[in-house]
Amino acid sequence: MCPAPGHGDWKRSFSCGQVAVVFPLLAIDLTNAGMLIPALIIAVLVGAGLGYLAALTGSRGRAAAADRAGEAARRSLAERRYAEAEESYRKLFDSSIDGIYVTTPEGRLLNANPALARMMGYDSAEQLIEGVTDIANAIYLNPSVRTQYQERMARDGMVREFEYQVRQRDGAVLWLSDSATTVRDEANNPVRYEGVVRDITNQRRAEDEVAEGRRRLQEVIDTVPAVINVKDVRMRYVLMNRYMASIFNIEPEDAIGRTTTDIMSRYGAEKTDENDRRVIDQGQELGFYEEEYVDSSGTMRQWLVNKLPLRGSDGEIKQIVTVALDIGERKRNEQEMRKAKDAAEAALQHLRETQNSLIEAEKLAALGRLVAGVAHEVNNPVGISLTVASSLERKASVFAEEVARGNLRRSSLNEFVETSRSAASQLVGNLNRAAELIQSFKQVAADRSYSDQRTFNLADLTDQVVMSLRPGIRKQNLTLNVDCEPGLIMNSYPGPYGQVLTNLFLNSVAHAFPGGAAGEVHIRVRASGGNHVEVLYSDNGCGMTPDIRRRAFDPFFTTRRDEGGTGLGLHIVYSIVTNRLGGQIHLESEPDKGTRVQMILPRNAPNEFAAS
């Protein structure tokens, strides 16, 4: 491989055997192509054959002529092969798509191929060589890079893929990759640099775009208040956002190439990569799950994590992406909420117990008022009976004295008999009245005290309850009207039913007729279908405002708290009707138009209420 002629006298000083020194890569190609070594071998063989022929003739003259002819043949063949090799090298030199150059160590351009000329913006190699006298300042964008190039050449005798920027003829900037060799003389002094350059501008632009994209991606993920990282299949980080780096107390760029174990071992903690390996084994994302580990400050952190694979163009998993949200605050809030919930449930339980105690107290108070009313009512017939008995006792004493004296007259006997008959009649009537009251009270009291389910006649039970209420009716100047359909048999709870009527009546007495005003109370009981009864309780009192009506059944709501009201009367009514009796209740009331309470009760109370 000899240099192409016409490019300078320096090229003609090289022999064909020196091509391998000048352009070693090209020389190897040409030698392998059979252009240099075969030519020399043929010349030697021709000369040897001619000499052998001369020896056979035994003629010294002819042998000398044969030697001259052989030498001429060898020279001719060598020159022809030399010319062919030179032509092949020239074609290869000129047609290469990479730039080829020869320079002095000082920076003067000695030779260049057309590709390098085009690369630098010149029309021909000659124009490039003539136009560039100082490579460092005319070609290199940064002259100091030329100094680095020279230092490497002096130290190593070559450079491989040395990248730098150059300025084209029109000022445009290119990136080149340079591979060159130092050529030395017999005294081992460098005489020139020979090299090949490749335009990598597009490659560097692509790399710069990738780097810029990576930088922007890093900026974006650094703004996200969540853990974001990417690992390769060896569990080494290739990307980590600043949020996660702060947890490990490390800079994001310092984490690249390291494993979680490497990073966490710095502060004596550890974390397994098991879930990352699961992504690789399963070939799919794991879905969100919770995990916890210790950060660089020694604090246990809780996370909601998801991991998913990133695949290459061949479909194989190349990387694992992890996204994790800090749920420590949520966990603490959940713990606080659980504590608050437990406290609220305890308070609610205490409130229910207190409410039940107050309800029982209210029931006992109602029963006490009932006892007081019944006692007053029983007192009348018992008092009359006591007066009649006392009078009869005196009459009997007088009658006995007359008998003892023996002066008993018929008129006295008839008078005593008549008096005794009248007294006996009065005693029987009043004592029967007292017995009825006591029996009614006994039944009502028993029903109030025990809530066992039993079968009863609703009309009879209603009359018994009303009888116990009548003492209070006379005191309050009220009229109580009862209209109950006969034959309504129920299997329910008589005590709670009586409690409902009593509380409704006492509520009317306390609130519907202020100032002792006269009024009427009506109780009507009717069948409602085959399985229910309807109980309508109404009064013509002052009624309720919409706000009071809306809150009437609320526990502890009362408009007479300053007068000792507990606010549990109507709440007990609502609770008994809807829970114990298994029915429905509806309240209607308007100011100055009275109050109407409708109750729909099942004839057979549901079993679940029997156990309550």
Side-chain angles (χ1 to χ4, degrees), residues 1 22-29 89 91-129 131-183 190 192-218 232 238-239 253 256-257 312-314 318:
M1 269 185 317
V22 177
F23 293 106
L25 297 178
L26 298 179
I28 291 172
D29 291 342
Y89 162 72
K91 290 180 179 180
L92 183 62
F93 184 83
D94 292 340
S95 62
S96 174
I97 61 173
D98 291 330
I100 301 174
Y101 68 86
V102 179
T103 70
T104 65
E106 294 77 18
R108 184 168 63 87
L109 185 60
L110 300 177
N111 195 17
N113 70 338
L116 181 60
R118 291 191 300 270
M119 198 178 295
M120 299 307 300
Y122 291 86
D123 295 332
S124 64
E126 290 79 4
Q127 191 180 44
L128 171 62
I129 294 171
V132 176
T133 58
D134 183 2
I135 293 177
N137 294 302
I139 298 295
Y140 281 79
L141 185 65
N142 184 356
S144 63
V145 177
R146 175 66 181 181
T147 303
Q148 298 176 16
Y149 172 91
Q150 291 172 319
E151 291 173 352
R152 291 193 184 185
M153 293 293 279
R155 183 190 65 204
D156 303 329
M158 62 178 222
V159 294
R160 287 292 180 265
E161 297 182 353
F162 181 75
E163 297 181 1
Y164 54 89
Q165 289 178 290
V166 299
R167 185 183 296 106
Q168 289 182 302
R169 185 180 186 183
D170 60 2
V173 176
L174 296 180
W175 273 97
L176 299 182
S177 176
D178 195 335
S179 296
T181 301
T182 301
V183 177
R192 57 186 173 275
Y193 298 152
E194 299 172 351
V196 178
V197 295
R198 181 165 51 89
D199 185 353
I200 59 169
T201 303
N202 292 335
Q203 175 184 332
R204 287 300 298 259
R205 286 174 181 170
E207 292 174 354
D208 290 344
E209 289 176 359
V210 170
E212 178 64 16
R214 185 184 181 90
R215 185 188 65 79
R216 292 181 180 178
L217 175 61
Q218 186 71 45
D232 60 23
V238 297
L239 180 68
E253 56 271 18
I256 305 305
S313 58
D314 57 358
K318 304 298 184 183

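All of these numbers come straight from a predicted model, not from anything done at the bench. FYI, side chains are in, hydrogens and waters are out, and symmetry mates aren't considered; it's all heavy atoms of this structure.
With contacts defined as side-chain heavy-atom distances shorter than 4.5 Å, the pair Phe162/Gln148 qualifies. For the pair Tyr193 and Val102, the minimum side-chain heavy-atom distance is 4.5 Å or more. Side-chain contact between Tyr140 and Thr147: absent, with no pair of heavy atoms (C-beta onward) separated by less than 4.5 Å. Between Val166 and Val197 there is no side-chain heavy-atom pair separated by less than 4.5 Å. Between Val196 and Ile100 there is a side-chain heavy-atom pair separated by less than 4.5 Å.
Other residues, nucleotides and ligands contribute more than 12 heavy atoms inside 6.0 Å of the CZ atom of Arg215. Counting heavy-atom neighbours within 6.0 Å of Arg152 CZ, excluding the residue itself, gives a total of 12 or less.
Minimum interatomic distance between Ile135 and Arg108 (heavy atoms only, all atoms of both residues): CD1-C, 4.4 Å. Across all their heavy atoms, Thr104 and Arg146 have their closest contact at O-NH2, 3.7 Å. Summarising the geometry of Asn137 relative to Arg167, their closest heavy-atom pair is O-NH1, 4.2 Å, with the distance given to 0.1 Å. The shortest non-hydrogen separation linking Ala125 to Pro114 is CB-N, 4.4 Å.
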For Gln165 and Asn142: C-alpha separation, side-chain torsions, deciding distance, then whether side chain to side chain contact (heavy atoms under 4.5 Å, CB included) applies. CA-CA 7 Å; Gln165 289 178 290; Asn142 184 356; over 6 Å; no

Steps toward salt bridge (Lys or Arg N to Asp or Glu O under 4.0 Å) verdict (Glu209, Arg205): CA-CA 6 Å; Glu209 289 176 359; Arg205 286 174 181 170; over 6 Å; no

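Under the side chain to side chain donor-acceptor pair (under 3.5 Å) criterion, Asp199 pairs with Thr201, not counting sequence neighbours. In this view, Arg155 satisfies the side chain to side chain donor-acceptor pair (under 3.5 Å) rule with no residue, not counting sequence neighbours. Partners of Tyr122 according to the ring-ring contact (aromatic ring centres under 6.0 Å, His included) rule, which considers only residues two or more places apart in sequence or in another chain, do not exist here.
Within the 3.5 Å criterion, the main-chain N or O of Arg198 finds no donor-acceptor partner in the side chain of Asp98. Checking side-chain atoms of Gln150 against main-chain N and O of Pro105 turns up a donor-acceptor pair under 3.5 Å. Ser179 places a side-chain N or O within donor-acceptor distance of the main-chain N or O of Glu161, the cut-off being under 3.5 Å. Panel note: side chain Gln168, backbone Met119; a donor-acceptor pair is recorded below 3.5 Å.
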